[in-house]
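Here it is, the structure in full.
Predicted model, so just to flag it, every value in this text is computed and none were measured. Per chain, numbering begins at 1; letters A, B, ... match sequence-line order.
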Protein chains: 2
Amino acid sequence: MTNSTTRAGRAPGKRERLAAAAAKVLHEQGVEKTTLADIAREADVPVGNVYYYFKTKNELVEAAIDTHTQNLAGMIEALDALPTPGERLKALIAGWVEQRDTAVRFGCPTGTLASELDKRADGLDATVAALVRALIDWTERQFSELGRSDARELAVALIAAYQGISVLTNTLRDPELMVAEGRRLKRWIDSLA
Amino acid sequence: MTNSTTRAGRAPGKRERLAAAAAKVLHEQGVEKTTLADIAREADVPVGNVYYYFKTKNELVEAAIDTHTQNLAGMIEALDALPTPGERLKALIAGWVEQRDTAVRFGCPTGTLASELDKRADGLDATVAALVRALIDWTERQFSELGRSDARELAVALIAAYQGISVLTNTLRDPELMVAEGRRLKRWIDSLA
DNA sequence: GTCTATACAAGGATAGAC
DNA sequence: GTCTATCCTTGTATAGAC
């Protein structure tokens, strides 16, 4: 569905530049407030040219979600290199805390996107839902390996805790909220093992 | 700042109807996707007439926030009638669970509004922030009365848990997520006392 | 005070030159 | 394959009749 590299002649990854720019700008400004011109500028591509690569704004949003999905896959791959499920979960949390300044300014990339797409008529909300589900599934496996029979519920609770603290960190513009919640969650993981 | 009843001659609460309609429609459709025509239709007021009561769309958003603030005040007043802090917190959670179908369709009214206003240039995000802070403050007092020295952190964690499960309930369109998390949070409250 | 008609701006999308 | 010019729709806001 997505041609990762050049298709015919030139275009040294303009499509990829546009997708990456979309992911960034849509997160920072929100879907509705972002214009095609904004994305084109960020990708350093003339406005009219955008339509050669993406027929509609929706396709651009879809490409942005793809980018997020790939980022998630990369993160999970890195986490899976760690030896124990407890370490993997705590490394996930540490990653969230590291990104706290982004959360202060723009919230969680996935969460804000999911909230916004829910209000749109297109079927893109299902695509983000799949992304979120994938993260919960991975988290559930970690809790299972920890021997918890209520792994699904705990996984949902952990991801929800992150989504929620992202909203508060963003709304109250206070990175320390994320730091404190990260500490609390790590203690909680330790108490389960 | 807000004239609650009629000012001069007639208008049997048109302003109030518009504010209530704004609160409802802005939550359901999102701020950016909602047009003045949408709000006018919901309030059963002709479009052009809107500007007699609110000079800009932003003033309408402000009025919607005011409505939410009053709703919150009413809820807190009702909760304060309960005898113990533990019961008050669990009643708060029960209220969230009751509203789960709304969460499935549109997410948390306050949380989605906060996320969206963050992306706008106007200073309205500070107004929602005050609302959120008020709820956290009240929650903190309950934990303090329970004798917890880490009351602030627990209050933030509880409100974050709700914000987060609202995002997930909405994104995954599953009311049971809210039910399960509600149970978990109530057990947690009980374990603190 | 109430409502209609309309000005004005912005943004998504397309046609077609190069 | 690249880019410019432009059409068309939608939505905010205002002028002014009633």
SB check B:Arg120 B:Glu32 (cutoff 4.0 Å): yes
Of the listed nucleotides C:dC3, D:dT2, D:dT12, the one nearest the side chain of B:Lys14: C:dC3
Applied to residues 153-175 of chain B, the salt bridge (charged side-chain N to carboxylate O under 4.0 Å, His left out) test, sequence neighbours excluded, yields A:Asp118-B:Arg173, A:Asp125-B:Arg173, A:Arg187-B:Glu153
Please state how far atom CZ in A:Arg120 lies from atom C1' in C:dG12, giving the value in whole angstrom units. 11 Å
CG of B:Asn49 versus C1' of C:dG1: gap in Å, rounded? 8 Å
Find the distance A:Tyr51:OH to C:dG12:C1' and express it as a whole number of Å. 4 Å
Between C1' of C:dA13 and CD1 of A:Ile39, the distance in whole Å: 14 Å
For nucleotides 5-10 of chain D, which of its nitrogen or oxygen atoms have a protein nitrogen or oxygen under 3.5 Å away, and what is each distance?
none

Sorted by first residue and then second, give each ring-ring contact (aromatic ring centres under 6.0 Å, His included) pair with at least one member in residues 64-89 of chain A; sequence neighbours left out. none
Are any of the side-chain nitrogens in A:Lys90 or A:Asp190 under 4.0 Å away from the carboxylate oxygens of its partner? yes
Report the residue (B:Pro46 or A:Ala37) whose heavy-atom-nearest nucleotide on DNA chain C is the more 5′ of the two. B:Pro46
B:Tyr53 OH to D:dT12 P: how many Å, rounded? 19 Å
Would you compute the distance between atom CD of B:Glu42 and atom CD of B:Gln29 and round it to the nearest 0.5 angstrom? 9.0 Å
In whole angstroms, the gap separating P of C:dT2 from CZ of B:Arg15 amounts to 13 Å
Rounded distance (Å) that lies between atom P of C:dA13 and atom NZ of A:Lys55: 12 Å
Regarding the side chain of A:Tyr52, the nearest nucleotide among D:dC3, C:dG12, D:dT2 is D:dT2
Joint cluster assignment, A:Val25 & A:Val45, ILVMFWY side-chain distance < 4.5 Å: no
Once you measure the plane-to-plane angle for A:Tyr162 and A:Trp96, does it fall in the parallel (<30°), tilted (30-60°) or perpendicular (>60°) bin? parallel
Length of the CZ-C1' vector between B:Phe54 and D:dA13, whole Å: 16 Å
